[in-house]
Amino acid sequence: AVTPYGYASKFEIHFDDKFDVSFGREGETMSLGCRVVITPEIKHFQPEIQWYRNGALISSSKWVQTHWSGDRATLTFSHLNKEDEGLYTIRVRMGEYYEQYSAYVFVRDADAEIEGTPASPLDVVCLDANKDYIIISWKQPAVDGGSPILGYFIDKCEVGTDSWSQCNDTPVKFARFPVTGLIEGRSYIFRVRAVNKTGIGLPSRVSEPVAALDPAEKARLKSRPSAPWTGQIIVTEEEPTEGIVPGPPTDLSVTEATRSYVVLSWKPPGQRGHEGILYFVEKCDAETENWQRVNTELPVKSPRFALFDLAEGKSYRFRVRCSNSAGVGEPSEATEVTVVGDKLDIPKAPGKIIPSRNTDTSVIVTWEESKDAKELVGYYIESSIVGSGKWEPCNNNPVKGPRFTCHGLATGQSYIFRVRAVNAAGLSEYSQDSEAIEVKAAIGGGVSQDVWPELNDAPGGLTDSRGGMHETSQPTIKKDALLDSKLNKPSLPSSSHNLGQTEVSKVSETVQEELIPPPQKAPLKGKSKSDPLKKKKDLAAPSPPYDITCLESFRDSMVLGWKQPDKSGGAEITGYYVNYREVIDGVPGRWREANIKAVSDEAYKISNLKENTVYQFQVAAMNIAGLGAPSAVSECFKCEEWTIAVPGPPQSLKYSEVRKTSLVLQWKPPIHSGRTPVTGYFVDMKEARAKDDQWRGLNEVAIKNKYLKVQNLKEGVSYVFRVRAINQAGVGKPSDLAGPVVAETRPGTKEVVVNVDDDGIISLNFECDQMAPNSEFTWSKDYVSTEDSPRLEVESKGNKTKMTFKDLGMDDLGIYSCDVTDTDGIASSYLIDEEELKRLLALSQEHKFPTVPVKSELAVEILEKGQVRFWMQAEKLSGNAKVNYIFNDKEIFEGPKYKMHIDRNTGIIEMFMEKLQDDDEGTYTFQLQDGRATGHSTLVLIGDVYKKLQKEAEFQRHEWIRKQGPHFAEYLSWEVTGECNVLLKCKVANIKKETLIVWYKDEREISVDEKHDFKDGICTLLITEFSKKDAGFYEVILKDDRGKDKSRLKLVDEAFKELMTEVCKKIALSATDLKIQSTAEGIRLYSFVTYYLDDLKVNWSHNGTAVKYTDRIKSGVTGEQIWLQINEPTPNDKGKYVMELFDGKTGYQKTVDLSGQAYEEAFAEFQRLKQAAIAEKNRARVLGGLPDVVTIQEGKALNLTCTVWGDPTPEISWLKNEKSLVSDDHCSLKFEAGKTAYFTLSGVTTSDSGKYGLVVKNKYGSETSDFTISVFIPEEEARVASAKPQKGNKQSK
């Protein structure tokens, strides 16, 4: 290889800090980049950086931008789209050598606005554009949102507006669609949205703009833009004639047929004259000859047509007729029979899915391609972690070929994979799942470059290689070859004869041979360059240039600069020719030509000079009249290497738009930029008469523009200006002065005026009353000529000019200026910033497409009786406003089923339907027309949305019928009262005295004590102390002669748990504060609740720790009391006690502090009660055995036995009639073993009758047990029986 400096070298290119496999999401920004290290480093020789996606070269656009900083290459995505997914390669080229690096970028779907809706389609493309229709195609998304995609909606927007309109009222399933009803000559963009039963997903990325023009017509007819630009192209005939009826079209065929539409295509007739023609399309059933014209009202301009209203499965034939002003021609030959339906089959599922290991986070998946697949778009791959049941897409942009590397997998997890194919007809069934594979690195590393075999045939030999040096195999045209040759392989001069050739001429001559015929060199005598071009009487060749200077010098080249001639000869200077000669020892040599092609700037670089040789130069200017006289010979300049680091002076300063307080200064960049590129400019100004020390800068920070509007001038003052350039090394020398110029607004000065006509066309207009005979208008944007701009059209006539925007948008922001040549600087400008752009576009839209302003879009609501009301509201409607009601692409009218109404005062448009049937599912549209203004609003009612609406309508209808009799205004519900009871209640309406209300539980009637009077409309059932036994199904029925209504309340399972939780909550809230009670056993803490349920959980804690229950510490519930018993308390039992009542969801706490005085008092009381309990336990007492009354017959023996107890053993004594009784022969008194006392009377007599008592006594107390003995004589039995016996009693002390 040959470097720019002439020595051979081999470059080594390395990539550092490289981008890796990347994951992004729609709408996000992303940057790919790497540092490029090139050895050896060559000054002024920058590499060529190229970026590829899937083998296709990437150019900068609004979606993606490239940047090269000198050592780092960056590719930036300003708004990621799924179209951006793919393999990205950076290629760095140095001469014929290049190196490259690749990595994959994955783009995931953006989050859906409505969960469950499909992802956005992608790759929206315009396949065929004609005068009044365009075919749109797209790719289906990988994610359907969880339910099948029902179809797609296509939206269009005219370029330059923000108004999107829907092209189809019913979703289409086929991924191609012909959009009709376009305006000829206007440009459109398109987008697509997918819809499933959940709703409509996000829109796709918009398509590239496309104009509605017929390609065939453009070849035959010439087009001229209207003046002003109206968004249309007016087609005129070359030689208009009339009277020829057109012949039949030829080559009529069905180019596409789906279940939704059929597209016809044909060629225009050979016999048609020069007048434009229209087409009429006819159809007939295949088995008949009954031809019907399809487009009676709207003739077709293009040799294409799409038919929509055809019955699926039915057979048709088609033919076309031509028409013009002379009449309608004969029909074409009919097509073959066409059956309406999808001709393209959905592809079959791929087979043999085989995963193989690659890296720790990726797996290579291969498969057998779908058999017999037509128009295959590619494949979607999905992965699933084994056992999860959840599938995730591996790619969101279909890939071609039977192999793909799935990235972003979890290391060590086992995955299975499946694949499905996609074409315009739809997505195939899923393939069978692959075998499971664990994600880990394969032995030997990652993916080889043949993972992407389809890229091996890409232009330039694009591969996924990581190392080595390559020679490009990409062929280049001769022009590119010359440009590469100029940089990499310059022909070194072999003799002094070659020294006169320059770098520019060497390239431009050869390129001219390839592109256009070379111009003939004009002689230096002022003759015209071309014979057919005649010199005008008032034109002359320009005067000589002057002040030739050397701006920059290298060891073998020099850069010259000069000033343009004082006199241009009445015409614009078109270029300059430079001659040079050597000067050896003061003796000049012969003149040589430096350039064959004229140069346009006042500077030129002459190459292939001799180092350390002295040269002289002269320059001649040229205009349309011819070549002027050469300049005076320059000074002698020596060709040697300069080391100037700062930039040279800017060139060609000029001023324009001079006003009393401002003007615009313009300049060109310096010829010599210094060691580094120019980064900006400084502008200086002073009054013309001021001294040089009074220059002042107009900008503190360097500006990058090559123009500046100077403000705040003093009216009538003369000024001069200069400009200095800056680079990294510093600020260079100032330019030549511009001026002096007086700040004044001359009489008759006019400004550029913006105008928006009735068709919405935006234009800038300027008028000049001071034009010279040869003056012309020149328009510029940001002071760069707009000549040949595809976005603008200029029309000038007389002293007026108009610049019209074809498609005003963000690309058109800037300063637009109009200069008038051959005048004393007459010019004016107009600024279009973002705010002004929005204002103009809104005004244009309002003029071009007047719309009926809509206050509320089309909506649907269900009325009381189950009627359905469709309605929308316009801002205002005139008395002439009309509305068309459309259902599934067909107009519907007032009748038994539909009732329509328009209120022109309020703008409300309504349509009523009594009920919704199954065949009412679809798309509803209200189309408005009010004078020129139009508008529409659409409502899609399909899938679950329609079923839900239909169900609601049916429910409301039944509700209305139900409410005609007694009914429930509020259905049965429950509440828990403050007393912790459960109250079942409902609210009733439309009742009368005869209305009955009956309660049921588990289908058994409940008897209710009270009778409802319905005064307040509330019926209740109170359930006290609610518990598990009350669970069940409760029902209440209203009935009378008008009908009945019922309400059920389910109180089982979760519903019962919820109620019990609320009951437990009320019980917990009813708990009293904890109290302290001393007992003989210890200390008791307790609280009372309204009543207790086992569902209410009780937990006790002591000083923050849960209480551990033992024989000493116990918890329990007695009735409504919840207690904690601490037996035999100790000082360790002091502290804070918390009782928590848990209702199942929430805990409620009560606390008490058992310490200090509270503990001491409770413990003392416990001790007292304990001693009292001991005394009570051990005191002497009679346990039993003695009767209260003993009746005995005289003469009988009486034996009584009694058990006593006491500790210590008590002492006993007997009493008779409260006197001590002593044991004797008649009365025997015994006490044995300290427990048993015996009382015996032998041969009782009446004297033994009386009151007896047994007295037991020990140190803890005594007790007396009384009994009565009654002795009777048999003869007196009747008397004794009638007497009242006296009862014995017990006394304790």
Side-chain angles (χ1 to χ4, degrees), residues 132 155-158 160-170 180-184 186 230-232 295-299 308-309 755-762 838-865 867-916 920 922-941 949:
D132 45 15
D155 302 330
K156 73 174 184 289
C157 175
E158 186 173 340
T161 72
D162 294 325
S163 177
W164 287 94
S165 59
Q166 191 170 293
C167 302
N168 55 315
D169 292 330
T170 304
T180 58
L182 305 178
I183 300 175
E184 182 180 356
R186 292 190 176 169
T230 63
Q232 304 178 12
N295 58 324
T296 304
E297 298 180 357
L298 186 64
F308 291 93
D309 296 326
N755 180 60
V756 181
D757 65 14
D758 291 340
D759 293 321
I761 306 305
I762 303 170
K838 292 178 182 178
R839 186 187 74 85
L840 292 175
L841 289 179
L843 192 59
S844 173
Q845 178 73 10
E846 183 180 344
H847 287 199
K848 184 164 45 175
F849 299 112
T851 59
V852 177
V854 176
K855 194 172 184 179
S856 298
E857 295 289 346
L858 183 59
V860 64
E861 64 177 347
I862 306 300
L863 303 182
E864 182 184 16
K865 297 182 180 180
Q867 292 177 313
V868 185
R869 175 183 180 243
F870 294 86
W871 70 279
M872 66 174 290
Q873 186 175 11
E875 290 284 354
K876 58 181 180 179
L877 291 174
S878 71
N880 298 322
K882 297 180 180 179
V883 180
N884 292 330
Y885 303 85
I886 308 297
F887 171 62
N888 286 347
D889 296 333
K890 294 182 179 179
E891 187 172 1
I892 54 180
F893 303 95
E894 178 93 17
K897 185 172 184 177
Y898 304 103
K899 306 295 182 184
M900 288 88 166
H901 178 257
I902 304 174
D903 188 337
R904 292 177 173 82
N905 294 324
T906 62
I908 295 178
I909 304 163
E910 300 172 299
M911 182 178 77
F912 298 92
M913 297 172 62
E914 284 298 322
K915 61 187 302 185
L916 288 176
D920 294 321
T923 304
Y924 293 82
T925 302
F926 286 7
Q927 295 178 345
L928 285 66
Q929 184 166 359
D930 195 353
R932 288 183 59 216
T934 60
H936 77 279
S937 187
T938 299
L939 185 64
V940 179
L941 297 177
L949 185 69

If the condition is side chain to side chain donor-acceptor pair (under 3.5 Å), which residues does His901 pass it with, not counting sequence neighbours?
Glu910

Can you list the residues that meet the ring-ring contact (aromatic ring centres under 6.0 Å, His included) rule with Tyr885, with sequence neighbours excluded?
Phe926

Heavy-atom side-chain proximity of Leu939 to Thr923 below 4.5 angstrom
no

Please determine whether side chain to side chain contact (heavy atoms under 4.5 Å, CB included) holds for the pair Met900 and Ile892, giving the CA-CA distance in whole Å, both sets of side-chain angles, and the decisive distance to 0.1 Å.
CA-CA 10 Å; Met900 288 88 166; Ile892 54 180; 4.1 Å; yes

Rounded to the nearest 0.5 angstrom, the CG-CD1 distance for Leu840 and Ile762 is 5.0 Å

If you define the side chain from C-beta out and look only at heavy atoms, does anything of Leu858 sit under 4.5 Å from Phe870?
yes

Any side-chain heavy atom of Leu841 sitting closer than 4.5 Å to one from Thr161?
no

With sequence neighbours excluded, residues passing side chain to side chain donor-acceptor pair (under 3.5 Å) with Glu914
Gln867

Between CD on residue Gln166 and OG1 on residue Thr925, distance to nearest 0.5 Å
7.5 Å

If we only count heavy atoms from C-beta on, is the Arg904 to Ser878 side-chain gap below 4.5 Å?
no

Between Gln929 and Thr934, is any side-chain donor less than 3.5 angstrom from a side-chain acceptor?
no

For Lys838, I'd like to know if atom NZ has over 12 heavy atoms of other residues, nucleotides or ligands within 6.0 Å.
no

Any heavy-atom pair between the side chains of His847 and Asp757 that's under 4.5 Å?
no

Does Asn884 reach the main-chain N or O of Gln927 with its side chain, forming a donor-acceptor pair under 3.5 Å?
no

So, using side chain to side chain donor-acceptor pair (under 3.5 Å) as the criterion, who are the partners of Thr906 when residues are at least two apart?
Asp903

State whether the number of non-hydrogen atoms from other residues, nucleotides or ligands found under 6.0 Å of Glu864 atom CD is greater than 12.
no

Gap separating the CG atom of Leu941 from the CG atom of Asn888, nearest 0.5 angstrom:
10.0 Å

Hits for side chain to side chain donor-acceptor pair (under 3.5 Å) against Thr851, two or more places apart or cross-chain, chain-then-number order -> none

Residues that Lys897 engages under side chain to side chain contact (heavy atoms under 4.5 Å, CB included), provided they are two or more places apart:
Met913, Asp919, Asp920

Using a 4.5 Å cut-off on heavy atoms from C-beta on, say whether the side chain of Leu877 contacts that of Val883.
no

Worked verdict on Arg869 versus Glu861 for salt bridge (Lys or Arg N to Asp or Glu O under 4.0 Å):
CA-CA 5 Å; Arg869 175 183 180 243; Glu861 64 177 347; 2.4 Å; yes

If you round to the nearest 0.5 Å, how far is NZ of Lys156 from CG of Asn168?
10.5 Å

Kindly indicate whether the side chain of Asp169, heavy atoms from C-beta on, has any atom under 4.5 Å from the side chain of Ile886.
yes

I'd like to check Ile862 versus Val868 (side-chain heavy atoms, cut-off strictly below 4.5 Å). Are they in contact?
yes

Is it true that Glu158 and Arg186 have a side-chain N and a carboxylate O under 4.0 angstrom from each other?
yes

Taking every non-hydrogen atom, the tightest pair across Ser856 and Met872
O-CB, 3.4 Å

